[in-house]
Amino acid sequence: MEDTRTIRVLIAKPGLDGHDRGAKVIARALRDAGMEVIYTGLRQTPEQIVEAAIQEDVDVIGLSILSGAHNVLFPRIMELLKEKGAEDILVIGGGVIPHDDIPYLKQCGIAEVFTPGTPISTIVEFIKNNVKR
């Protein structure tokens, strides 16, 4: 029997990045695609993001970053998820991330990284095809 539960997504802005237009666009698009979206707001610590994801029982964490701190913040979030036994949450990233950094982020457990210009339909399909039920 197929699981028809709505996919729950937490959209988070880790670090000191103060720009959230992209995160809000993605949040709205995922909601329009039938997902339940929780947006944490700006300047979240990795600890706050992981705690919110567990409390909200999400299937996916979408991290949006423009500040350049992705190589520190994204792996920290993955460490915390592992510590809390929440590795089943699909974690994706997006924003201004150099292509050279993407292999390292994937090695740390980020399932996919979406850079500016990625069609929203690509992100929606990735989530639908990769979320763990």
Side-chain angles (χ1 to χ4, degrees):
M1 193 169 114
E2 193 176 316
D3 187 350
T4 56
R5 190 172 69 88
T6 302
I7 296 172
R8 291 175 58 87
V9 183
L10 182 86
I11 299 292
K13 294 285 300 177
L16 301 177
D17 184 350
H19 302 278
D20 65 352
R21 176 185 268 156
K24 287 179 176 174
V25 167
I26 295 300
R28 195 168 302 118
L30 296 179
R31 196 171 299 129
D32 290 349
M35 298 180 201
E36 194 173 323
V37 179
I38 298 108
Y39 174 56
T40 62
L42 291 168
R43 299 181 185 89
Q44 297 291 300
T45 66
E47 290 78 8
Q48 289 170 317
I49 291 166
V50 169
E51 197 57 43
I54 292 168
Q55 282 179 355
E56 294 286 351
D57 191 28
V58 299
D59 303 298
V60 183
I61 298 173
L63 301 170
S64 169
I65 197 160
L66 305 172
S67 68
H70 49 273
N71 282 341
V72 174
L73 295 171
F74 285 15
R76 178 67 182 140
I77 289 165
M78 298 311 296
E79 281 172 26
L80 290 166
L81 287 170
K82 189 172 187 172
E83 283 173 21
K84 304 264 187 196
E87 299 126 304
D88 59 327
I89 298 174
L90 179 73
V91 182
I92 58 175
V96 180
I97 297 172
H99 286 282
D100 290 349
D101 292 348
I102 294 173
Y104 170 70
L105 296 174
K106 287 187 172 183
Q107 190 181 328
C108 293
I110 304 297
E112 189 58 86
V113 177
F114 300 100
T115 53
T118 301
I120 290 172
S121 59
T122 301
I123 299 168
V124 169
E125 283 307 305
F126 184 86
I127 291 172
K128 288 181 176 177
N129 292 333
N130 291 280
V131 74
K132 296 172 183 84
R133 292 304 183 119

Return the set of residues passing salt bridge (charged side-chain N to carboxylate O under 4.0 Å, His left out) with Lys128 (not counting sequence neighbours), or none when no residue passes. none
Going from CD1 on Ile65 to NE2 on His70, what distance comes out if it is rounded to the nearest 0.5 angstrom? 7.5 Å
State yes or no: do Val25 and Val96 share one hydrophobic cluster built from I, L, V, M, F, W and Y residues joined by side-chain heavy-atom distances below 4.5 Å, directly or via other members? no
Any non-hydrogen side-chain atom of Pro75 less than 4.5 Å from a side-chain atom of Gln107? no
Glu51: partners by side chain to side chain donor-acceptor pair (under 3.5 Å), with sequence neighbours left out: none
From Thr118 atom OG1 to Ile26 atom CD1, the distance as rounded to the nearest 0.5 Å: 8.0 Å
Shortest non-hydrogen separation from Asp88 to Gly85 and the atoms involved: OD1-O, 4.4 Å
The reported gap from CZ in Arg21 to CG in Leu66 (rounded to nearest 0.5 angstrom) is 11.5 Å
Are the side chains of Leu81 and Ile61 in touch, meaning some heavy atoms are under 4.5 Å apart? yes
Which atoms form the tightest heavy-atom contact between Ile97 and Ile102, and what is the distance? CG2-CG1, 4.2 Å
Derivation and outcome, side-chain contact (heavy atoms from CB on, under 4.5 Å), residues Ile11 and Leu30: CA-CA 10 Å; Ile11 299 292; Leu30 296 179; 4.0 Å; yes
List the steps, then state whether side-chain contact (heavy atoms from CB on, under 4.5 Å) holds for Met35 with Asp59. CA-CA 10 Å; Met35 298 180 201; Asp59 303 298; over 6 Å; no
Shortest non-hydrogen contact from Leu90 to Ala111? CD1-CB, 3.4 Å
Kindly compute the distance separating CZ (Arg31) from OH (Tyr39), expressed to the nearest 0.5 Å. 11.5 Å
How long is the gap from CD1 on Ile49 to CD1 on Ile54, to the nearest 0.5 Å? 12.0 Å
Step through the shown structure and confirm whether more than 12 heavy atoms of other residues, nucleotides or ligands are within 6.0 Å of CZ on Arg28. no
Residues forming a side chain to side chain contact (heavy atoms under 4.5 Å, CB included) with Glu87, sequence neighbours excluded: Lys82
Applying side chain to side chain donor-acceptor pair (under 3.5 Å), name anything that partners Asn130, two or more places apart in sequence or on another chain. none
Smallest heavy-atom separation, Arg8 atom then Val58 atom, equals O-CB, 3.5 Å
Got Glu83 and Val50 here, is their nearest side-chain heavy-atom distance under 4.5 Å? no
Do Thr40 and Gln48 come within less than 4.5 Å of each other through their side chains, counting heavy atoms only? no
In the structure I gave you, are the side-chain heavy atoms of Leu73 and Leu63 within less than 4.5 Å of one another anywhere? no
Under a 3.5 Å distance rule, please check whether Lys13 uses its side chain to pair with a backbone N or O of His19 as donor and acceptor. yes
Under the salt bridge (Lys or Arg N to Asp or Glu O under 4.0 Å) rule, what pairs show up with a residue in residues 109-127, not counting sequence neighbours? Lys106-Glu112
In short, Thr6 meets Gly34 closest at the heavy-atom pair CG2-O, 3.2 Å
Smallest heavy-atom separation, Ile110 atom then Met78 atom, equals CD1-SD, 3.8 Å
Rounding to 0.5 Å, atoms CD1 (Ile127) and CD1 (Ile7) come to a distance of 7.0 Å
Residue list, ring pair (Phe, Tyr, Trp, His ring centres under 6.0 Å) with Phe114, at least two apart or on another chain: Phe126
I'd like to check Ile120 versus Asp32 (side-chain heavy atoms, cut-off strictly below 4.5 Å). Are they in contact? no
Does some side-chain heavy atom of Ile77 sit less than 4.5 Å from a side-chain heavy atom of Pro14? yes
Do Thr45 and Arg76 make a side-chain contact, defined as non-hydrogen atoms from C-beta onward lying under 4.5 Å apart? no
For a side-chain contact (heavy atoms from CB on, under 4.5 Å) check, start with the C-alpha distance between Ile89 and Leu10, then their side-chain angles and the critical distance, and finish with the verdict. CA-CA 10 Å; Ile89 298 174; Leu10 182 86; over 6 Å; no
